[in-house]
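The structure under discussion appears below in the form of structure tokens.
In what follows, every heavy atom counts, from backbone to side chain, and hydrogens, waters and symmetry copies are set aside. In what follows, every chain begins at residue 1, and chains take the letters A, B, ... in the order their sequences are listed. Note that the structure is a prediction, hence the values are computed from the model and not measured.
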Protein chains: 2
Amino acid sequence: MTTSELAPHELRVLVSVAEARGFGAGAARLGLTQSAVSHAVRTAERKLGVVLFTRGRQGAAPTEAGARAVARARHILRLLDTMGAEVHAAGGGEVTGTVRIAAFRSAAVHVLPGVLDRLAARHPGVSPQVNIVREVGPGTTGEVADGRADLAVATLNPDTYPIPKGLLSGKLFEERYLLVHPASAPDPRGLPLVDWAENCSSHTRGWWRDQDWMPTATVTAEDDGVVLSMVAAGMGMAVVPELSLLGAPGGIVTRDLGPDGPKRQVGYVVAPGMAQGAAVRELIRGLRETPVGV
Amino acid sequence: MTTSELAPHELRVLVSVAEARGFGAGAARLGLTQSAVSHAVRTAERKLGVVLFTRGRQGAAPTEAGARAVARARHILRLLDTMGAEVHAAGGGEVTGTVRIAAFRSAAVHVLPGVLDRLAARHPGVSPQVNIVREVGPGTTGEVADGRADLAVATLNPDTYPIPKGLLSGKLFEERYLLVHPASAPDPRGLPLVDWAENCSSHTRGWWRDQDWMPTATVTAEDDGVVLSMVAAGMGMAVVPELSLLGAPGGIVTRDLGPDGPKRQVGYVVAPGMAQGAAVRELIRGLRETPVGV
DNA sequence: GGCGATCCATGAGCGCGGCTCATGTGCCGG
DNA sequence: CCGGCACATGAGCCGCGCTCATGGATCGCC
């Protein structure tokens, strides 16, 4: 075998197949033939000496080794991609390039715009791409770990999901949770709790344990915006983070839970290797300078 | 232009040319023709839109942009290189691969052996390569920043050399400086100070400022081992870190400088992207478990 | 159980890109 | 002014990655 390391086109094939969950579909999105993809995957597997995908009737799914390979492939391809912009900045040129940001909804809506505005003013050559990701499971941090984003705005509470080794992170600010209930129901007790799939449960569960009352029932919603709509409609009360309340509908009463109320840490997570990029560095600087924004 | 990103063979050429300081020499070490290298560099420059090397009578030197490109190239090539080992480990196989370690002399001699022994016992497939680097200028950290090492054992005192953004680091232990003088001269005062080029000066300068006496003269040596030999020979006294004293020649008296004596922080610095590698992670674990070793 | 559908695998052949060989160009020292 | 040194350039060969065409496996369906 001439070389034992994967060629970029093979890396691209791996990523594409993993995302398209099939050889044929992966080929299509690369503008290639299914045959080419099949050859490429096979070659890659021979080079690495590991089976990367389980082939089946319903397409191809990465093995554990394959998932690793795909994440690393995305990472390498991104490094190759941004090399141009990076080198230009070093040569005394303007800071350029794209930055892929993963953020949970409320941060994307209420924090990022200001930061990105100021970034655009300072560095017109930088074009950020924001991807809104639910903070469940791997969440926004997972996007960075898998090489799908360069920077994540994430919740950093260690009890939820540990930050994978090898990723840089930093704290931005602490966010309180507030209790909200319909203006029509002055006493939240007796109302069902409207919880949401995101991180509310794990961050607030401890707090609930210390309370002398528990909600009568729990309804789960997908989105914090939906939660607020339901509360506004009188369907229950909820405990939501501050940021989610910006731009909340009317008819809602918020109540501070005091110094011992639940909180969550909001921070950023950077892809290794990307933190050296000038554009990413500038963005982090902007995030750090951000007012708590509440 | 078909693709705007550099191909691996071009990355290799860039690195080789930078290290060999010339197109011809760079070609030779790759087993290529000078012509091939010339073509490759030109293609890379066209792709990036930047001049990467200044060509001259005495070979080629990287421009500022070129230096960046070379560092990134080394990084990408390393990621490609280690992909195989990485993926194997993920597939449930044994932890394998090479780890390139940059360390200053005393750490390499007195700390690493034990750590590497235990690493070898736990993971026979891992083969570490230790590179001893003077802790001057960029030092061991610079090796990591430039992609020549995966992990550095470095002094972390921020006043000496800041850790470049985008590198992960952690503290391992604190090391005291001790005063050493010849057994033949009970009072060090009056003896010339034998300093060494490494980090002694910056770490101990502040301490000297607070003393009520100063050495009559200063001699500078290249190596901490040489410093000790000179002290043993009665040529002066010195202030050296604890680790350097292990295995010191006879005829030397060490004196503790007390709780306010100079100290330095010893830690590790990891190349971004490498910290995800199983081998590197294991090595860091070993370093962390290391007894202070003095 | 045969049949079609829908995946992936495999083999043959073509074309592009990267290599070498041969030669050209600029620069400096003597 | 010339020779040597180091990079530049052009022509041509060759391997590799692509496509096209086809084969093989597995599932759902009646």
Side-chain angles (χ1 to χ4, degrees), chain A residues 1-63 65-66 69-70 73 77 80, chain B residues 1-63 65-66 69-70 73 77 80:
Chain A
M1 184 176 324
T2 304
T3 147
S4 105
E5 59 196 28
L6 272 54
H9 71 92
E10 290 164 335
L11 300 181
R12 259 185 290 269
V13 165
L14 296 192
V15 171
S16 188
V17 166
E19 287 178 352
R21 280 187 280 278
F23 284 28
R29 83 161 55 181
L30 289 178
L32 292 181
T33 325
Q34 170 267 323
S35 171
V37 166
S38 179
H39 278 129
V41 171
R42 174 162 281 281
T43 307
E45 287 180 330
R46 252 209 316 275
K47 284 180 179 175
L48 294 179
V50 176
V51 176
L52 297 174
F53 292 94
T54 64
R55 291 93 152 144
R57 179 75 184 72
Q58 65 288 9
T63 62
V70 166
L77 289 172
L80 283 168
Chain B
M1 185 175 322
T2 305
T3 147
S4 104
E5 60 197 27
L6 271 56
H9 72 92
E10 289 164 336
L11 300 181
R12 259 185 289 270
V13 164
L14 295 191
V15 170
S16 188
V17 166
E19 287 178 353
R21 280 186 281 276
F23 284 30
R29 83 160 54 181
L30 289 178
L32 293 182
T33 324
Q34 171 267 323
S35 171
V37 166
S38 179
H39 279 128
V41 171
R42 173 164 281 282
T43 307
E45 287 179 331
R46 250 208 318 274
K47 284 179 179 175
L48 294 179
V50 176
V51 176
L52 296 174
F53 292 94
T54 64
R55 293 93 153 144
R57 179 88 180 70
Q58 65 287 4
T63 62
V70 167
L77 289 172
L80 283 169

(request) Remember a base hit wins even if backbone is also touched, and classify B/Ala60 as base, sugar-phosphate or nothing at under 4.0 Å, heavy atoms. (result) sugar-phosphate
(message) Without decimals, in angstroms, what is the distance between A/Leu30 CG and D/dC18 P?
(response) 10 Å
(request) Output the single nucleotide from C/dA9, C/dT20, C/dC27 whose closest atom is nearest the side chain of B/Arg57. (result) C/dC27
(message) Using a 4.0 Å heavy-atom cut-off, does B/Arg55 contact any base of the nucleic acid, only the sugar-phosphate backbone, or nothing at all?
(response) sugar-phosphate
(request) Answer whether the closest heavy-atom distance between the side chains of A/Pro8 and A/Arg12 falls below 4.5 Å. (result) yes
(message) Within the structure provided, determine whether A/Leu52 and A/Val17 are in side-chain contact (heavy-atom separation under 4.5 Å).
(response) no
(message) For a quick check of understanding: with a heavy-atom distance under 4.0 Å over all strands, which category does B/Gly26 fall into, base, sugar-phosphate or nothing?
(response) nothing
(message) Just so I know, are the side chains of A/Glu45 and A/Thr63 near enough to count as touching, which here means a heavy-atom distance under 4.5 Å?
(response) no
(request) Nearest whole angstrom, please: distance from the P of D/dC7 to the CG of B/Leu32. (result) 14 Å
(message) Side-chain N or O of A/Arg42 versus OP1/OP2 of C/dT10: is the shortest distance under 4.0 Å?
(response) yes
(request) Provide, to the nearest angstrom, the distance between the CG atom belonging to A/Leu52 and the P atom belonging to C/dC8. (result) 15 Å
(message) Rounding to an integer number of Å, can you tell me how far B/Phe23 CZ sits from C/dG26 P?
(response) 17 Å
(request) Indicate, yes or no, whether a donor-acceptor pair under 3.5 Å links the base of D/dG17 to the side chain of A/Thr33. (result) no
(request) Starting from P on C/dC7, measure out to CZ on A/Arg21 and report it in whole angstrom. (result) 13 Å
(request) Grab the CD-P distance between A/Gln58 and D/dG28 for me, whole Å please. (result) 9 Å
(request) Kindly point out which of C/dC8, D/dT9, C/dA12 is positioned nearest to the side chain of A/Ser38? (result) C/dC8
(request) Could you say whether B/His39 or B/Gly24 is positioned toward the 5' end of DNA chain D, judged by the nucleotide with the nearest heavy atom to each? (result) B/Gly24
(message) By nearest atom, which of the nucleotides D/dG10, C/dA5, C/dC19 is closest to the B/Ser35 side chain?
(response) D/dG10
(request) Please tell me if the side chains of B/Arg55 and B/Val41 come closer than 4.5 Å, counting only heavy atoms from C-beta onward. (result) yes
(message) As a test of reading the structure: which of C/dC19, D/dT19, D/dA8 is closest to the side chain of B/His9, going by heavy atoms?
(response) C/dC19
(request) Name all residues meeting the side chain to side chain donor-acceptor pair (under 3.5 Å) criterion together with A/Glu10; count only those two or more places apart in sequence or in a different chain, and write none if there are none. (result) A/Lys47
(request) Whole angstrom is fine here: how far is it from CZ in B/Arg12 over to P in C/dG18? (result) 13 Å
(request) For A/Gln34 and C/dA9, give me the distance from atom CD to atom P, rounded to whole Å. (result) 8 Å
